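Heads up: the structure comes next, in structure tokens.
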Amino acid sequence: MIQTVRGVRDILPEETGRWWFLEETARRIFIQYGYRELRTPIFERTELFSRAVGETSDIVEKEMYVFQDRGGDSLCLRPEGTASVVRTFIENSQHRCLPWRVFYMGPMFRYERPQKGRFRQFHQIGCELFGPDGPLADAEMMSMVLRFFREIGIGDAVTLEINSLGCPVCRGPYRERLTAYLESVREVLCANCQRRMVRNPLRVLDCKEEGGSGVLQGAPAMRDHLCHGCEAHFQGLLGHLERLGLPYRINPFMVRGLDYYHRTAFEAVASGLGAQNAVAAGGRYDGLVAEMGGVSTPAVGFAMGMERLLLLLDENKVPVTRPDVYLVVAGEDLVTASGLMLAERLREAGLAVEMHLSGGGMKVQMKHAGRSEARIAVILGEQEVSAGMAAIKQMRTGEQEKIAMDQVVERIRLLLCQHH
RNA sequence: GCGGACGUAGCUCAGUGGUAGAGUCCUGGAUUGUGAUUCCGGUUGUCGUGGGUUCGAGCCCCAUCGUUCGCCCCA
């Protein structure tokens with residue numbers, strides 16, 4: 001038997017309702033904030049990601065799905081969404097249409113070891129905002145994210161963490177101070193951190209090892225070494241969050257894996273997801289557009305992991321999709337023919353109708369009606385059809401009545417209204 | 001890339017070297033025109049795969065593939 005490749009999975013019809021719920025809620029909320037959907041290709045030139053995400057990041061170094069096409073170009077399945085959005089922004093001269101607000105949703109690909117909440121093909125919903133450079137934009141975006149979480153019913157399960165990563169002006173000097181400090185406590189750090197010190201000292205702050213964390217409390221924090229501009233930006237952000245009454249936690253140890261972030265970084269973390277506790281993450285990347293060859297434009301964005309959100313979703317809050325009517329047709333050709341026409345009339349009236357197509361007796365068909373979870377079964381047998389009637393059964397109560405064929409639509413509408 | 005656990009019916013799992021099982025699901029009947037409850041019957045299988053040990057392997061050993069949890073990293 002041929003199976004799916006490692007780390008990818010089918011999303012069966014039983015699950016897609018939950019996906020729709022997330023996607024539809026996201027669209028509704030984002031549109032309220034002025035965002036419109038952008039759809040970019042699922043693969044790009046490899047160079048786009050190595051430049052945007054950073055040559056030394058783990059994503060580029062060991063996680064990209066790279067391949068050559070028949071022309072010999074090196075292409076890559078997108079490992080994240082922002083790089084493509086920035087490319088589109090530049091390629092289509094959207095700096096003439098500021099502010100530019102877009103959202104996207106779809107699959108991303110990373111060659112990683114799969115585990116809980118982590119897949120090789122996973123799905124993100126994200127937003128990017130180009131133009132505004134002040135903390136107002138950051139605050140509005142966080143507010144939108146939290147509204148989305150409340151709307152899908154996981155508001156209480158998620159905490160907003162924020163930090164400032166500084167900018168090119170202040171990050172360099174800070175990096176040196178941090179490195180100096182880490183050197184001084186080198187022996188206490190775990191083996192991994194000793195390695196990371198050289199490549200990316202900021203990452204050491206992220207260390208989860210028990211032994212190191214005590215020492216890290218004493219490490220110089222980026223926050224205390226922000227330049228004037230960055231400090232004002234951060235204070236401005238805190239002020240907006242306070243005014244909005246949004247709960248947040250400053251996490252001086254939060255750093256971002258992707259190289260392009262400046263100033264604001266934020267993350268929504270949830271408990272109960274094991275090591276993969278970040279359900280959304282984002283931040284400001286004021287330098288990226290210029291770096292990628294566009295007209296220098298500040299920007300801020302975030303992405304959410306759908307699989308992780310789904311792990312948090314409360315089943316009861318997801319609207320179920322089921323037919324309004326299951327149509328039972330027990331009889332000869334005349335019966336099924338009039339059933340076919342009745343089904344279309346009901347659909348014309350806007351109802352969701354599942355008609356029994358596979359023959360069988362009343363018992364079998366009723367069983368299917370029950371399984372379909374339809375609220376109403378319409379039963380057509382020889383008796384009904386010859387009398388110009390239809391039997392209407394409310395599945396929940398078992399109540400059944402006979403109605404003239406031309407009044408069936410009206411009657412069903414009434415019954416469906418009553419039970420809402 | 002590294003470490004641990006686990007692969008037995010569609011699903012959840014029991015089975016410590018001697019005839020492959022339970023629950024559920026599906027299906028037939030009790031009920032010749034009525035589902036979800038009840039009762040009775042039935043089908044469910046290369047025991048992940050390949051090798052080895054043994055008179056004999058679902059069980060022990062080796063390899064491999066897959067799943068899962070963690071590390072690294074990330075949504």
Side-chain angles (χ1 to χ4, degrees), chain A residues 1 3-9 12 14 22 53-54 56-64 78-82 105-126 145 158 190-193 195-196 199-200 203 206-209 254-258 266-270 273-282 301-312 326 328-331 335 356 360-385 391-400 402:
Chain A
M1 189 187 21
Q3 295 170 302
T4 56
V5 306
R6 189 191 187 100
V8 313
R9 36 179 291 217
L12 296 175
E14 298 86 79
L22 287 189
V53 179
T56 62
S57 66
D58 269 44
I59 290 181
V60 172
E61 273 188 349
K62 54 179 196 185
E63 294 175 1
M64 291 207 299
R78 62 182 186 191
E80 58 104 48
T82 302
M105 50 183 71
M108 307 291 166
F109 306 84
R110 290 182 200 171
Y111 191 88
E112 293 185 278
R113 192 77 176 263
Q115 54 190 276
K116 186 175 187 178
R118 172 185 293 174
F119 304 91
R120 289 188 172 177
Q121 172 175 340
F122 61 104
H123 298 77
Q124 288 189 333
I125 301 180
V145 171
V158 171
C190 65
N192 267 320
C193 288
R195 224 178 313 120
R196 278 194 288 197
R199 214 178 80 191
N200 192 347
R203 284 233 140 269
D206 222 9
C207 182
K208 285 146 197 152
E209 295 274 329
M254 180 176 70
V255 293
R256 295 249 46 98
L258 286 57
F266 65 98
E267 208 165 90
V269 297
L273 294 186
Q276 284 68 239
N277 64 348
V279 294
F302 75 92
M304 308 186 282
M306 291 187 72
E307 282 83 358
R308 292 183 188 177
L309 292 174
L310 287 166
L311 289 173
L312 298 175
Y326 194 94
V328 171
V329 281
V335 174
H356 192 89
M362 188 69 66
K363 185 183 176 65
V364 170
Q365 297 201 32
M366 283 309 296
K367 200 166 194 165
H368 281 90
R371 218 178 283 162
S372 77
E373 294 187 273
R375 281 187 285 268
I376 288 173
V378 171
I379 300 160
L380 289 184
E382 302 285 358
Q383 297 170 21
E384 286 81 5
V385 171
I392 295 178
K393 178 167 185 171
Q394 301 180 54
M395 295 302 280
R396 206 187 152 96
T397 59
E399 261 176 277
Q400 187 167 323
K402 282 199 179 179

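For the numbers below, each heavy atom of this structure counts, side chains included, while hydrogens, waters and symmetry mates do not. Everything numeric in this text was worked out from a predicted model, so none of it was measured. Chain letters run A, B, ... following the sequence lines, proteins first and then strands; every chain starts at 1.
Atom CE in A/Met366 sits roughly 10 Å away from atom P in B/U34 (whole-Å rounding). Spacing between atom CD of A/Gln383 and atom C1' of B/U34 amounts to 12 Å, rounded to whole angstrom units. Note: NZ (A/Lys62) to P (B/C71) measures 13 Å, nearest angstrom.
Comparing the same atom, C1', in B/G17 and in B/C11 gives a spacing of 30 Å after rounding to whole Å. Comparing B/G58 with B/U38, their C1' atoms sit 36 Å apart, to the nearest whole Å. Atom C1' of B/A57 sits at a distance of 15 Å from the matching atom of B/C62, rounded to the whole Å. Between B/C25 and B/C59, the distance separating the two C1' atoms is 28 Å to the nearest Å. Rounded to whole Å, the separation between the P atoms of B/C6 and B/C60 comes to 10 Å. B/U24 and B/C39 are spaced 10 Å apart, taking the P atom of each and rounding to whole Å. Of the C1' atoms belonging to B/C73 and B/G1, the separation is 12 Å, rounded to the nearest Å.
If you check B/G23 for Watson-Crick or wobble pairing at under 3.5 angstrom, you find it paired to B/C11.
Closest to the A/Met362 side chain, of the nucleotides B/C73, B/U34, B/C74, is B/U34. Distance from the side chain of A/Lys116 is smallest for B/G70 among the nucleotides B/G66, B/C74, B/G70.
For B/G70, the OP1/OP2 oxygens have a side-chain nitrogen or oxygen of A/Gln115 closer than 4.0 Å. A/Arg118 has no side-chain polar atom (N or O) that falls below the 4.0 Å cut-off from OP1 or OP2 of B/C74. OP1 or OP2 of B/G35 sits under 4.0 Å from a side-chain N or O of A/Lys363.
Residue-to-nucleotide contacts include a donor-acceptor pair under 3.5 Å from the side chain of A/Glu384 to the base of B/G33. For B/U34, its base sits under 3.5 Å from the side chain of A/Gln400 at one donor and acceptor pair at least.
Counting any heavy atom pair closer than 4.0 Å across all strands shown, A/Ala330 reaches no nucleic acid atom. Residue-level contact check: A/Arg113 touches the bases, meaning some heavy atom is under 4.0 Å from a base atom.
In this structure the side chain of A/Gln365 reaches within 4.5 angstrom of the side chain of A/Val329, judged on heavy atoms.
Two residues, A/Pro114 and A/Ala281, neighbour RNA chain B, and the one matched to the more 5' nucleotide by heavy-atom proximity is A/Pro114. Comparing A/Thr4 and A/His123, the nucleotide of RNA chain B nearest to each residue sits closer to the 5' end for A/Thr4.
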Practice problem: Determine, for nucleotides 38-44 of chain B in 5'-to-3' order, which nucleotides have protein heavy atoms under 4.0 Å from the base (write B), from only the sugar-phosphate (write S), or from neither (write -). | Solution: -------

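Taking all atoms of both residues into account, the shortest heavy-atom contact from A/Met366 to A/Lys393 is CE-CD, 4.0 Å.
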